[in-house]
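Lettering follows sequence order; numbering is per chain, from 1. Source: prediction; values computed, not measured.
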Amino acid sequence: MRIATWNVNSVRQRLAPLLAFLKETAPDVLCLQELKCEEGAFPRLEVEDAGYNVVLHGQKTFNGVAILSRHPIEETIVGLPGFDGEGQSRYIEAVVSDGAGEILRVASIYAPNGNPPETPKYAYKLAFMAALTEHARALLRLEETTVLAGDYNIIPEDRDVHDPAAWAGDALFLPQSRAAWRRLTNLGYTDALRAVSDAAGLYTFWDYQAGAWQKNKGIRIDHLLLSPQAADRLSRVEIVKAARAGEKPSDHVPVFADLA
DNA sequence: ATGACTGCACTCTGCAGA
């Protein structure tokens with residue numbers, strides 16, 4: 001099973017690269033974030049024609065998450081359980097069959113940015129992470145092959161950012177944000193990328209501004225967290241860095257986790 | 001060089017993103 005996550009920064013603006021990505025890389029499951037459209041405006045026919053089933057939690061202008069699957073989608077949870085999202089579409093979960101009797105539980109997550117930190121936006125970010133952690137704790141008890149994938153808007157460690165000092169006061173890198181990340185992973189989830197590499201400078205986001213891409217001033221904020229049953233099967237992780245170099249790219253690139 | 005962008009909407013300016 002090849003599972004990918006990608007914050008597309010508007011699915012309508014990214015339709016051509018999205019369809020090309022599906023055709024070229026053929027993920028079994030793709031989690032999308034920042035659709036920036038309501039369900040009625042989602043390019044469902046195009047995605048279905050590419051061979052994918054779709055479930056999504058849309059919203060006008062902001063947020064929006066989807067799960068695309070080549071295999072049947074058997075069960076869906078829309079919205080993060082236990083969290084009053086105040087109308088923000090940031091979580092969808094589905095149980096996907098692989099057609100051979102195995103199931104995968106997968107979530108597509110768009111965690112809040114949280115800037116500026118001295119505002120209610122930061123409290124909202126931490127509240128989301130607390131609710132996500134509680135739900136993730138409940139999911140572990142199922143002892144299933146589970147992948148919690150998405151844009152967490154958290155830089156876990158110094159090695160995940162080009163200039164730690166420059167990001168010290170940012171909501172993505174504040175100690176409380178990183179502590180929230182550790183509380184989640186410490187439950188027993190494996191950060192897929194860190195299971196295969198200790199290297200610094202493996203980024204998934206480069207700002208559109210100030211030549212961040214050209215100067216490789218990136219950050220790693222898109223993550224796939226694996227339940228123990230999923231981690232047992234992890235064979236490969238890939239950050240599709242080339243996606244940032246195309247025409248009209250998203251500011252995020254896709255990340256793959258392959259399960260044997 | 002403390003610069004530089006992109007997408008969206010009650011659009012031609014302001015907000016959000018990270």
Under 4.0 Å, heavy atoms only, any strand: does [X] hit a base, just the sugar-phosphate, or nothing?
{"X": "A:Asp251", "answer": "nothing"}
{"X": "A:Tyr152", "answer": "nothing"}
{"X": "A:Asp151", "answer": "sugar-phosphate"}

Between P of B:dA4 and CH2 of A:Trp206, the distance in whole Å: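 Going from CH2 in A:Trp206 over to P in B:dA4 covers 21 Å.
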Write down the distance between CD (A:Gln209) and P (B:dC5), rounded to a whole number of angstrom.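 Taking atom P of B:dC5 as the reference, CD of A:Gln209 is at 7 Å.
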If pairs are Watson-Crick or G-U with both distances under 3.5 Å, what is the dot-bracket string of DNA chain B, marking crossing pairs with [ ] and pairs to another strand with |? ....(((((...))))).
With sequence neighbours left out, what residues match [X] under side chain to side chain contact (heavy atoms under 4.5 Å, CB included)?
{"X": "A:Pro112", "answer": "A:Arg90, A:Tyr124, A:Lys125, A:Phe128"}
{"X": "A:Leu187", "answer": "A:Thr133, A:Ala136, A:Arg137, A:Leu140, A:Leu184, A:Tyr189"}
{"X": "A:Gln209", "answer": "A:Asp207"}
{"X": "A:Pro164", "answer": "A:Asp158, A:Val161, A:Phe173"}

Atom [atom1], compared across [N] and [M]: separation rounded to whole Å:
{"N": "B:dG7", "M": "B:dC12", "atom1": "C1'", "result": "15 Å"}
{"N": "B:dA1", "M": "B:dT6", "atom1": "C1'", "result": "22 Å"}
{"N": "B:dA16", "M": "B:dT11", "atom1": "C1'", "result": "15 Å"}

Qualifying side-chain hydrogen bond (donor to acceptor under 3.5 Å, both in side chains) pairs, either residue in residues 93-105 of chain A, two or more places apart: A:Tyr91-A:Glu93, A:Glu93-A:Arg105, A:Glu93-A:His135, A:Glu102-A:Arg233, A:Arg105-A:Glu144
